[in-house]
Structures are given as structure tokens and as C-alpha cells.
Number of protein chains: 2
Amino acid sequence: MGFSGKGAVAKSPARKPRGEGHTRREEILAAAKALFLEEGVKATTIRRIAERVGVSAPALYLYFKDKDEILLALCDRIFAILLQRLEEIERLPLPACERLRRMGEAYIRFGLEHPDEYRIIFLESPTPEAVRYTGHRTDTSDLERPGAKGAMAFTKITQAYEAIAKEGIVLPYPPALCAELSWMACHGLVAALIAEPDFPWSDRETLIRGMVEASVRGVVPALGQATSA
Amino acid sequence: MGFSGKGAVAKSPARKPRGEGHTRREEILAAAKALFLEEGVKATTIRRIAERVGVSAPALYLYFKDKDEILLALCDRIFAILLQRLEEIERLPLPACERLRRMGEAYIRFGLEHPDEYRIIFLESPTPEAVRYTGHRTDTSDLERPGAKGAMAFTKITQAYEAIAKEGIVLPYPPALCAELSWMACHGLVAALIAEPDFPWSDRETLIRGMVEASVRGVVPALGQATSA
DNA sequence: TTCGTATGTTATCGTAGTTAAGTTAACGTC
DNA sequence: GACGTTAACTTAACTACGATAACATACGAA
């Protein structure tokens, strides 16, 4: 073995050059995401992630404070997709209550598409400390607070209700409370289907449409029937 | 120290007489429940339970297949309370939709009273095997399947909707689907408040009443306003 | 050249759930 | 009243986990 150590292994360079720590950070997140998808959240352990990256387990602690932070960073990226979808709907020229329906449906479908991430953000215990802080962070784009993007998604629904109120439709409660009720209802559907996937539920599509409708009509009694065909 | 071993410790007899294993089983459940209430689910470990019972940790495996089975046995007993409450409401001479409201409210309040158990039954991952079997079981009263009592609670709501249909009120969906929607909505409220207790939600009582109302009115459009004063 | 620091590693700790193997005590029976 | 059986336990150990401390090394800057 003449040379330094660049032997046969091609999986990842043995050691990162000086300023390239964030590259390793990305590798860790990618490995964690792959493990997450392939083997589930249970199998996504510090050691297994490190093994897949090709690095020792404590090395992960250079880039993340603890295991939770890795998972939360993953979830935050996934939830950015949800935010994006909701913002798209926000921009559509639609009657407010129809916009609300579409948001509800998008929310539910997103949750069912990403059950593990949804579980971590909305079903798991809250992390003890409110504010987290990453030591070696180079970018401040993601992960201000755990579940921050989840909360922002919720905010979008509140704004939709405020728009409804501005349209002159009378709400029985303040917009925030309306939003909470609507969101909780949709959240309940997602949570139930995720937590109990083998239960003999009714047809999933019917449930989604029914809940979207109910979450609007249950909160806004002024709406007699559906608006769209 | 003349005698065999009945020294100073009064916490529990050192060893059970021949056929009295189930007594120890009860002690384990009692200790687990106490730990559960005092220190939370996180602190309820095999070793701590065993310590409290006054027995070695592996001794618990004489009575339970694994840790999950202990927690599920606990939860099952708690959920028996919910079933009891729902059955009481079932027996009340009330219009069906009013009975539905009361059930919803009872369900929500129960969930908020027992957040840890609720979490285990309805929010945690489903256990891989569908049917569990306890080795040394002497009674077959509880724990047929994990979460069985939770499912039974759900059945009660379905029956309430069937009663509504029998009263001549037209439902937009089959009773089972109506029940699923109603239950999921209430479930969403409980799940959200349990998982995110520090979020600045609106007033809890208002949320409960609003959700009970919405879960009925959202599903049964024939109901214009609340029935009760 | 030397020093500081980013980038790691190895060794280790403490805790968890769980199992294997051995021990003790109660009981029926001859 | 010794004997075998077995329920009721214990001790020791295994594997796996998250996390930390202490040590190593490469590399850019002064």
C-alpha cells in the first residue's frame, strides 16, 4: 500500500478538505433520509447513518447536536414541500372557502405521502428545549425551531380563514379558532390513517373528500352546500 | 436473623407461594401504573418497574412477553373507563344526535385526562404482530389484542350514527364513514393538544365545544343549528 | 515553522430491552 | 420424610443504543 489511504473504497472521500464540512453534513442527511425511507425511523440510528456515510458514529456530532436534530432537519426539508404547495394554492384566484378546501386536501395528501416525517413533527413528544442551536452551522436556512415549518403550514390556514371573514362570510369564532378546528379535523384523519394503517377504514378517497368538506362546513355554518361541482 | 428470610422489608413478600403468580402480575401492573403517573412513560422502564415491585428485572418476563405488553395492559384498563362512560351515555334517553355530541365530548375529555395512555393506544406505531399471546396467562379478561378497547370505543360512535339514521335523519355517507369522520375530527383535537401542549392554542373549552359541534354538523348537514340550548 | 482549528477516530460510559442458565422454595407423592 | 417436579425467581451476560472524552491528523494562515 504505497499511497496515503485512498485505497479501494469509493463510497466517500476519507476526510473532507478544510472548508467542506457542510458537504459531510449533506451526506449525513442524505444517508439518514435513505435509511429513513428504506428501513423506517426505527432503524435510523446514529450508528447506521454513520456506517452508511462511511464515517464513525461520533463524527455526526460535529454537525448535529443530537439524533433528534438530524431527524428534525430531515423533516424540516420535507415540510418545506408542504409550505410550497400551500403557497401555490394561496396564490390561486379562488373564492376563499374553495381555497380553504384545496389547502385542506393538499395538507391531508401531504401527510399521507410522508407518514414518518408527519409522525415526527406532529405526533411525537415535543422536544424539551424550545430553541435549538447547532454548533457548526454554516447556513441558517433551515431548522430555526423544531417543527417551525409545521407551524407555518398551520398559519396558512389561519390566513385563509381571515380571507373568508374579509369576504363577508360570518364566522362563529375568531379566525384563529376556526383554523384550529379545521386543521385539527384534517390532522385527525392523517394521524389516524398513519397510526392505524391496518384498521378497516372506509375508502380513503371518500374519507379525504368527506373530511375536507366537513372541516369547512362544520366550522362555517353559513356554507350550506359545496361550492364546486 | 433467626428465621428464613422474612426480615425487615415490608414492600412485598420475597417470593410468591405456588399458585399465586398472578398476584405478582398485579403488583407489576400497579407499579408500572404508579411510575407511569408519577414520572411519565419515559421513566417507566423494565428495571424501574422491577425495582419498585422489589423483584429483579427479568422476573417481569415471567408474566409479560415484553415491555409493550405491560404498557398495553395498562392502557387497556384505562380505556375500559372510556368504554364505561360511553356505555352510560348510550343508555341515556336522548335524541341520537345529542347522544352523539355527548359521546364526542366524553371522548375528548377522556383523551385529555389520560394523555400518555391515549398516546400509546392511538398515536404510537402499530405493533408488528396483530395478535399477541401471553405465556402464563391465568385470566383471559383483558388484552386480547392491543388497542382492542380503543377500537370498541370507536364502534360505539358508529352505533350512534346508525341510531341517527334510524331516526330518519338523512346521512350523506354510510354510518360507518360518518363515524370515522366524526371520530377523526375529535381525535385530531386530542392528538394535537397532547402532542403540542405548549402551542398557543385557543381556549381549550371553546375548542372542545366547537369541535363537538363541528364534528356533528360537518358530517350531518341536515342539522342546521345546535339542538340543545 | 509553528500554531490553531476543522475534521475526524478510538475508547468508553450509562442505560435500555432481553435472554440463558442456574437457584430456591413450595407442593404432591410414595 | 426423602424425592422428584416445577413454579418462582436471581445473577450474569448480550446486544444495541445515544452520547462524551480524549486523542490524532491534516491543512491553511501567520
Side-chain angles (χ1 to χ4, degrees), chain A residues 3-6 9 11-28 31-32 35 39-72 124-125 127-129 132 134-138, chain B residues 3-7 9 11-28 31-32 35 39-51 53-72 125 127-128 132 134-138:
Chain A
F3 287 151
S4 51
K6 201 162 172 294
V9 181
K11 40 192 325 185
S12 103
R15 189 199 191 94
K16 292 293 175 187
R18 204 52 185 277
E20 302 302 312
H22 56 92
T23 309
R24 186 52 46 95
R25 192 187 144 97
E26 291 307 310
E27 287 177 14
I28 292 170
L35 260 177
E39 325 241 5
V41 60
K42 181 78 172 295
T44 308
T45 70
I46 295 276
R47 285 172 164 87
R48 302 248 289 153
I49 298 170
E51 178 192 21
R52 194 172 274 232
V53 175
V55 92
S56 74
L60 303 204
Y61 289 87
L62 292 177
Y63 306 103
F64 300 93
K65 185 193 163 202
D66 54 17
K67 187 193 175 184
D68 282 349
E69 202 173 74
I70 300 179
L71 295 186
L72 284 174
E124 221 89 317
S125 300
T127 47
E129 334 96 271
R132 291 178 163 263
T134 311
H136 297 188
R137 271 250 300 294
T138 52
Chain B
F3 287 151
S4 49
K6 200 162 174 295
V9 181
K11 40 193 324 186
S12 99
R15 190 198 193 93
K16 292 294 173 185
R18 205 55 184 275
E20 302 302 313
H22 57 91
T23 310
R24 186 54 46 98
R25 192 186 144 97
E26 293 306 311
E27 288 177 15
I28 293 170
L35 260 177
E39 324 239 3
V41 60
K42 182 76 172 295
T44 308
T45 71
I46 294 277
R47 284 174 164 84
R48 301 249 290 151
I49 298 171
E51 177 192 21
V53 174
V55 94
S56 75
L60 303 203
Y61 288 87
L62 294 176
Y63 306 102
F64 300 94
K65 185 192 163 200
D66 54 19
K67 187 192 178 184
D68 282 348
E69 202 173 75
I70 300 179
L71 294 186
L72 284 173
S125 301
T127 47
R132 290 173 167 266
T134 312
H136 295 188
R137 273 249 299 295
T138 51

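Proteins get letters first, then strands, A, B, ... in listed order; numbering begins at 1 in each. Everything numeric in this text was worked out from a predicted model, so none of it was measured.
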| field | Atom-to-atom span, CD of B/E39 to P of C/dT15 - whole angstrom | value | 15 Å

| Out of D/dT11, C/dT19, C/dA16, whichever nucleotide has its closest atom nearest the side chain of B/T45 | C/dA16

| Expected output: side-chain A/D68 to main-chain A/L71 donor-acceptor under 3.5 Å | no

| Partners passing side-chain contact (heavy atoms from CB on, under 4.5 Å) against A/R48 (at least two apart in sequence or in another chain) | A/L35, A/E39, A/A43, A/T45, A/E51

| task | State whether B/Y61 places a side-chain N or O below 4.0 Å from either non-bridging phosphate oxygen (OP1 or OP2) of C/dA20. | result | no

| query | Which residue lies toward the 5' end of DNA chain C, A/A59 or A/R47, if each is placed at its nearest nucleotide? | reply | A/A59

| 5′-ward residue of the pair B/S56/A/I46 relative to DNA chain D | B/S56

| remark: Comparing A/P58 with A/K42, nearest DNA chain D nucleotide closer to 5' gives the residue A/K42

| d(CG, B/D68; P, C/dA16) in whole Å | 16 Å

| If you look at every heavy atom in A/A31 and A/V53, which pair is closest and at what distance? | CB-CG2, 3.5 Å

| field | Nearest-Å distance for atom pair CD/C1', residues B/E51 and C/dT15 | value | 14 Å

| task | In whole angstrom, give the distance that lies between atom CZ of A/F64 and atom P of D/dT20. | result | 16 Å

| message | Distance check needed: C/dA16 C1' versus B/K67 NZ, whole Å only. | response | 8 Å

| task | Among D/dC9, C/dT7, D/dG18, find the nucleotide with the atom closest to the side chain of B/L62. | result | D/dC9

| Can you tell me how far C1' of C/dT15 sits from CD1 of B/I49, to the nearest Å? | 15 Å

| task | Would you check if A/Y63 and A/E69 make a side-chain contact, meaning some heavy-atom pair closer than 4.5 Å? | result | no

| Rounded to the nearest Å, what distance is computed from the OH atom of residue A/Y63 to the C1' atom of nucleotide C/dG8? | 8 Å

| Do B/R15 and D/dA8 share a donor-acceptor pair, side chain to base, under 3.5 Å? | yes

| message | Taking side-chain contact (heavy atoms from CB on, under 4.5 Å) as the criterion, tell me which of A/I49, A/L62, A/I46, A/T23 meets it with A/I28. | response | A/I49

| message | Tell me the interatomic distance from B/E69, atom CD, to C/dT18, atom P, rounded to whole angstroms. | response | 10 Å

